[in-house]
Amino acid sequence: MGETRRLPLPAILGAGSVLLVAGVAIGFRLADQAASDLVDQVRPDLETMLSKPLGHPIKIGAYQGLRPWGFQIGPSRILPAAADRSEISLEKLTVSVDPLASLRQWRPVVQLQLHGTKVQLRRGADGAYWVPGTTDSNQSLPNIG
């Protein structure tokens with residue numbers, strides 16, 4: 001009868017490590033693609049939803065990848081409106097979940113980090129620098145703590 005041959009332990013550990021790293025890389029790539037698709041899907045509705053109460057049209061930038069506990073969005077703008085010509089631009093926006101604060105408050109806590117923010121306030125015809133938009137009387141604003 002033939003002798004059974006066993007693979008040496010270093011070969012098993014090396015192959016296992018390669019498979020683990022490949023699995024993590026593939027999983028990260030799939031998660032990144034899913035997040036990109038989600039951002040692209042909700043962007044138009046989110047721009048419309050946020051534009052009404054702000055009174056200014058919003059253009060949310062392109063998805064720029066996953067970050068620890070969140071993701072990053074590229075250059076975004078709050079555009080001038082008819083009532084006032086004020087505008088805001090961001091180089092990038094990082095959206096992340098704060099796990100410790102979420103546990104303390106027993107609800108998700110989202111952090112927004114604004115990078116490269118430029119605000120240009122221009123006085124409107126009535127003297128106001130920013131004229132907020134209107135909301136439906138039966139629609140409540142989001143609960144932002």
Side-chain angles (χ1 to χ4, degrees), residues 3-124 128-145:
E3 221 177 282
T4 57
R5 296 177 61 198
R6 291 186 175 208
L7 291 173
L9 184 60
I12 293 172
L13 291 176
S17 297
V18 167
L19 289 174
L20 179 65
V21 168
V24 168
I26 290 170
F28 182 80
R29 178 67 182 132
L30 290 174
D32 187 52
Q33 186 61 46
S36 175
D37 292 344
L38 179 65
V39 169
D40 289 342
Q41 183 180 2
V42 300
R43 180 183 294 124
D45 295 335
L46 190 59
E47 287 175 344
T48 303
M49 183 180 74
L50 294 174
S51 293
K52 282 185 179 182
L54 282 177
H56 289 255
I58 295 177
K59 292 294 175 197
I60 298 174
Y63 173 80
Q64 289 189 332
L66 289 176
R67 299 296 183 265
W69 299 104
F71 59 93
Q72 188 167 301
I73 301 292
S76 302
R77 294 183 64 203
I78 299 176
L79 301 168
D84 67 82
R85 304 307 296 166
S86 298
E87 61 184 300
I88 299 174
S89 64
L90 309 169
E91 286 180 16
K92 59 185 171 181
L93 168 68
T94 304
V95 181
S96 60
V97 175
D98 185 346
L100 295 177
S102 297
L103 285 173
R104 278 194 304 263
Q105 296 185 18
W106 289 101
R107 61 181 175 180
V109 175
V110 177
Q111 291 181 336
L112 301 176
Q113 292 179 325
L114 311 174
H115 304 276
T117 306
K118 294 181 183 174
V119 179
Q120 294 181 339
L121 297 176
R122 295 189 181 102
R123 193 174 297 209
Y129 285 101
W130 192 277
V131 179
T134 59
T135 58
D136 298 335
S137 59
N138 59 355
Q139 181 183 3
S140 62
L141 292 174
N143 182 11
I144 299 175

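Put simply, the side chain of R122 reaches to within 4.5 Å of the side chain of E87, judged on heavy atoms. Taking 4.5 Å as the limit, some side-chain heavy atom of D40 sits within range of a side-chain heavy atom of R43. By the 4.5 Å heavy-atom criterion applied to side chains, P75 and Q64 are counted as neighbours. Residues V109 and V97 form no side-chain contact, since every pair of their non-hydrogen atoms from C-beta on lies 4.5 Å or further apart. Using a 4.5 Å heavy-atom cutoff, the side chains of L38 and F71 are not in contact.
The CG atom of L121 lies 8.5 Å from the CG atom of D84; values are rounded to the nearest 0.5 Å. In this structure, L66 CG and R29 CZ are separated by 10.0 Å, a value rounded to the nearest 0.5 Å. Between the CD1 atom in I88 and the OG1 atom in T117 there is a gap of 8.5 Å [rounded to 0.5 Å].
Checking H115 against T94 by side-chain atom types alone, a donor-acceptor pair falls below 3.5 Å. For the residue pair D37 / Y63, no side-chain donor-acceptor distance below 3.5 Å is found, with atom types taken as modelled.
Judged purely by atom type and a 3.5 angstrom limit, E47 has no side-chain atom pairing as donor or acceptor with the backbone of P57. Put simply, the side chain of S96 never gets that close to the backbone of W69: no donor and acceptor are under 3.5 Å apart. Using modelled atom types, one side-chain atom of S102 and one backbone atom of D98 make a donor-acceptor pair closer than 3.5 Å. Between the side chain of W130 and the backbone N or O of L54 there is at least one donor-acceptor pair closer than 3.5 Å. When atom types are taken as modelled, the side chain of S76 and the backbone of G61 share a donor-acceptor pair closer than 3.5 angstrom.
Here K118 does not pair with E91 in a salt bridge; the nearest charged N to carboxylate O distance is not below 4.0 Å.
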